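Report on the following structure.
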Amino acid sequence: MIIVLIGYMASGKSTLGKILAKKLHYNFIDLDDYIEEKENTTISDIFKTKGEIYFRKKETYYLNDLLNTKSKLILSLGGGTPCYSNNMQTILKTNNAVSIYLKAAISTLISRLKNEKAKRPLIAHIETEDELAEFIGKHLFERAQFYNQAETIITTDGKTESDIIEELVLKLF
Ligand code: S3P
């Protein structure tokens with residue numbers, strides 16, 4: 001089975017994915033890390049030198065590649081992955097995959113992202129917290145239609161990592 005974790009930037013996909021993988025004895029892959037490894041560069045550099053459209057093509061290509069996995073895998077996507085190129089449909093149509101949306105409130109995302117902008121090209125240029133809040137609010141509103149198609153939705157606000165993992169395991173098995 002492939003457990004696909006989706007959600008906005010800083011929603012905890014990689015952190016929780018790693019913990020879940022250890023607990024379930026699954027392999028763990030973060031799609032952004034996989035792209036960086038395969039392309040031999042950073043996501044920021046891809047955006048800078050080749051542009052977002054090129055990044056989205058590669059993202060779709062490697063997503064499809066990983067969805068062919070037959071072994072036990074936790075796959076954490078990038079925040080935008082489900083929102084481009086029919087990727088959400090592809091995930092939903094993959095028989096051995098289950099999708100989980102890690103849903104976090106805008107206030108949670110703002111407080112995490114204001115300190116983690118640098119390696120995220122979509123928000124790296126945003127200077128004030130007000131502008132960041134406005135950007136995230138609009139962006140999340142546009143993306144929610146994709147995230148909400150996930151088979152399981154878990155709200156993460158006010159929960160500890162172990163609460164969320166326990167809830168995930170209960171929903172999955
Ligand atoms: C993106 C999210 C990033 C990364 C890229 C674009 C997005 O991943 O894929 O910077 O469009 O939301 P994280 O969600 O891991 O930050």
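Given the structure is predicted, the values throughout are model-derived calculations rather than measurements. These values consider heavy atoms only, across backbone and side chains, with no hydrogens, waters or symmetry-generated copies. Every number for a ligand or one of its atoms is a count from 1 in the order of the listing.
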What residues sit with at least one heavy atom under 4.0 Å from ligand 1?
->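 Its neighbours under 4.0 Å (heavy atoms only) are Met9, Lys13, Asp32, Ile43, Phe55, Arg56, Gly78, Gly79, Gly80, Arg120, Pro121, Leu122, Arg143, given by chain and number.
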
- Task: Indicate yes or no for a side-chain donor-acceptor contact from Ser11 to the backbone of Lys103 under 3.5 Å, with no hydrogens or angles considered.
- Result: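 Judged by distance alone, no pair lies under 3.5 Å.
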
Hey, can you pull the donor-acceptor pairs under 3.5 Å for the side chains in residues 132-141, sequence neighbours left out?
residue	atom	partner	partner atom	Å
Glu134	OE2	Lys138	NZ	3.1
His139	ND1	Tyr8	OH	2.7
His139	NE2	Arg143	NE	3.4
His139	NE2	Arg143	NH2	3.4

Any donor-acceptor pair under 3.5 Å linking the side-chain atoms of Glu36 with those of Thr42?
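Checked: Thr42/Glu36 side chains show no N/O donor-acceptor pair below 3.5 Å.
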
- Item | Salt-bridge criterion met for Glu52 and Arg56 (N-O under 4.0 Å) |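 Arg56 and Glu52: salt-bridged.
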
- Using the side chain to side chain donor-acceptor pair (under 3.5 Å) rule, collect all pairs that involve residues 71-83, keeping only residues at least two apart or in two chains.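 Sorted pair list: Glu59-Thr81.
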
Inset, instruction - State which residues pass side-chain hydrogen bond (donor to acceptor under 3.5 Å, both in side chains) with Thr128; sequence neighbours excluded, sorted by chain then number. - result: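 Listed in chain order: Glu131.
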
